[in-house]
Asks: 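Below is one structure. I have some questions about it.
All ligand and atom numbering here is 1-based and tracks the order in the structure.
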Amino acid sequence: MSCISKKEITDFAKAVGIDLIGFASADCLKGYKSFLEERKSLGYECPIEERMPDKRVSPEFILPEVKTIISVALSYNIEYQVKLPSKSFGIISKSSWGMDYHLVLKEKMKRVCEFVKSKCPDVKTVSLVDNNPLLERAIAYHAGIGWFGKNGLIINEEYGSYLFLGEILINEYFEPDTPQESKCGDCDLCMKACPTKAIEKPYIVNANKCLSFITVKKGEIEEEFLKKLGRRIYGCDTCQEVCPFNKEAKKVKREEFTPSKLLPRPNLIEILNMSNKEFKEIFGPTASSWRGKSVIIRNAIIACVNTKDQECIEPIKKLLKSPSPLLRGYSAWAISYLEERDKAIEEIKEALNKEKDGFAIKMMAEALQKLER
Ligand code: B12
Ligand code: SF4
Ligand code: SF4
């Protein structure tokens with residue numbers, strides 16, 4: 001393109017704090033349609049993914065004149081020492097520390113688009129981060145940002161895999177960059193470490209078994225995942241924590257991702273007692289709030305049971321009267337594990353007598369059955 005070069009865009013993007021940038025052809029996703037159809041037939045697709053394979057591989061549905069996709073990546077591998085409380089704590093994935101990355105990355109991409117338009121006034125651009133049907137990892141791979149790790153994540157040799165991805169669709173042609181060969185080699189540490197064996201084959205993640213999805217799933221969680229959730233309140237970092245490329249990865253100083261009100265290891269009792277206002281203040285500015293308060297508190301209840309934390313009993317007893325049937329149901333379930341048997345039977349029976357919601361009744365009845373066996 002004559003009005004601006006790849007180098008000028010790259011230099012400007014780096015100047016506004018984008019760590020990695022690459023260029024991919026607008027049709028780089030076309031070959032993935034059959035892969036998506038196979039994945040769907042195997043039941044690996046989770047409900048929060050776009051269902052229509054055509055939409056997933058067609059940037060022209062978003063910008064009809066698109067010729068190039070500029071892929072950008074922002075590291076969230078920040079310099080930060082996590083303080084481990086002695087007890088009653090949950091775990092928040094690194095991807096949700098500090099400010100919501102959608103906003104942080106979009107702001108930087110907006111500046112890149114403005115810069116391009118200042119040189120090329122007629123150019124059309126669309127910026128995307130996460131909430132879009134396109135296969136962002138495949139775009140990053142084709143733009144040479146990194147390779148597909150066996151855990152499914154895009155890994156860059158210098159920055160590792162703690163990267164957020166974004167794209168700028170643009171109606172101008174730029175020479176595509178070269179994809180990188182996988183450097184995973186014989187390593188299979190992520191596959192071994194995954195608590196649910198969600199990485200069913202190298203590079204293939206069954207999203208329905210991934211704890212990251214389970215922490216945002218609405219409603220009831222299948223029995224087989226309850227213990228495996230451990231202390232996780234939002235997301236899962238296990239397959240990245242064990243990755244040798246993250247051990248060596250460059251750390252970044254990034255104010256935006258430094259934890260503020262929501263700590264990486266938040267106090268479970270505070271989560272259980274949280275009002276709507278406190279939820280908005282603590283979780284609202286981060287990427288972990290989109291599923292709402294009840295899902296986060298449900299996960300905290302499960303973490304209390306998994307860590308056999310007696311201090312959780314009183315706040316959980318209060319949740320038996322919560323307006324949320326999900327929380328009333330999970331409180332009864334938790335009381336059957338944490339409370340002394342006779343007291344637990346009495347408390348759950350009292351709640352069950354007043355209960356009208358089908359889900360909560362089922363959870364309470366199952367908790368009683370377990371105790372009276
Ligand atoms: C739905 C979704 C999820 C779901 C499903 C994830 C999954 N693995 O499928 C859940 C909730 C589980 C999830 C979890 C996470 N997610 Co997510 N998620 C998405 C979302 C919205 C769509 C992903 C998707 O469609 N997956 C389905 C499959 C088909 O797509 P894929 O993962 O790209 O699969 C590729 C590979 O399998 C590869 N492939 C297939 N066959 C083969 C064969 C070989 C040999 C090779 C080499 C490759 C290969 O090609 C596929 C097509 O790209 C994207 C944003 C987006 N629009 O893309 C973010 C995104 C993928 N998530 C992201 C993040 C950060 C996470 C978490 C780390 C968050 C956390 N800490 O909890 C975890 C990681 C879990 C994991 N191991 O993948 C980042 C990934 C950044 C990166 N470095 O790769 C993205 C890109 C969001 C963003 N904009 O930054 N996520
Ligand atoms: S995010 Fe957790 S559950 Fe999902 S594949 Fe990685 S280790 Fe497994
Ligand atoms: S842990 Fe090993 S196999 Fe898994 S993504 Fe990292 S290098 Fe690849």
Asks: Of all the non-hydrogen atoms in the protein, which one sits nearest to atom 23 (C) of ligand 1, and at what distance?
Replies: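 The closest one turns out to be Arg56 NH2, 4.2 Å.
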
Asks: What residue and heavy atom of the protein are closest to atom 66 (C) of ligand 1, and at what distance?
Replies: Arg137 NH2, 4.5 Å

Asks: Could you list which atoms of ligand 1 come closer than 4.0 Å to a heavy atom of Cys236?
Replies: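 Reading through ligand 1 atom by atom, the close ones are 70 (C), 71 (N), 72 (O).
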
Asks: Applying a 4.0 Å heavy-atom criterion (strictly less than), which segment of Gln240 is in contact with ligand 1: side chain, backbone, both, or neither?
Replies: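 The part of Gln240 near ligand 1 is the side chain, not the backbone.
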
Asks: Could you tell me whether atom 6 (Fe) of ligand 3 has an N, O or S atom of Cys243 under 2.8 Å away?
Replies: yes

Asks: Answer side chain, backbone, both or neither: which part of Ile155 comes under 4.0 Å from ligand 3, heavy atoms only.
Replies: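 Side chain only.
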
Asks: Should the proximity of Ser161 to ligand 1, defined as any heavy atom under 4.0 Å, be assigned to the side chain, the backbone, both, or neither?
Replies: backbone

Asks: For atom 5 (C) of ligand 1, what's the nearest protein heavy-atom neighbour? Residue, atom name and distance, please.
Replies: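 Its nearest protein heavy-atom neighbour is Ala207 CB, 3.6 Å.
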
Asks: Select one of side chain, backbone, both or neither to describe which atoms of Ile155 lie under 4.0 Å from any atom of ligand 1, heavy atoms only.
Replies: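 Near ligand 1, Ile155 shows nothing, with every heavy atom at 4.0 Å or more.
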
Asks: For atom 4 (Fe) of ligand 2, what is the nearest protein heavy atom, given as residue, atom name and distance?
Replies: Cys210 SG, 2.4 Å

Asks: Residue-level breakdown please: for Tyr234 versus ligand 1, do any non-hydrogen atoms fall below 4.0 Å on the side chain, on the backbone, on both, or on neither?
Replies: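 Near ligand 1, Tyr234 shows nothing, with every heavy atom at 4.0 Å or more.
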
Asks: Does the pair Lys362/Glu366 count as a salt bridge with the N-to-O cut at 4.0 Å?
Replies: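 Salt bridge present between Lys362 and Glu366.
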
Asks: Given that the side chain starts at C-beta and the backbone is N, CA, C, O, which of these parts of Phe148 lies under 4.0 Å from ligand 1, counting heavy atoms, or is it both or neither?
Replies: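 The part of Phe148 near ligand 1 is the side chain, not the backbone.
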
Asks: Record the part of Val205 in heavy-atom contact with ligand 1 below 4.0 Å; permitted values are side chain, backbone, both and neither.
Replies: side chain

Asks: Looking only at heavy atoms of Cys239, does any of them come nearer than 4.0 Å to an atom of ligand 1?
Replies: yes

Asks: If we set the cut-off at 4.0 Å for heavy atoms, which region of Lys94 has an atom near ligand 1: side chain, backbone, both, or neither?
Replies: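 The answer is neither; Lys94 stays 4.0 Å or more away.
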
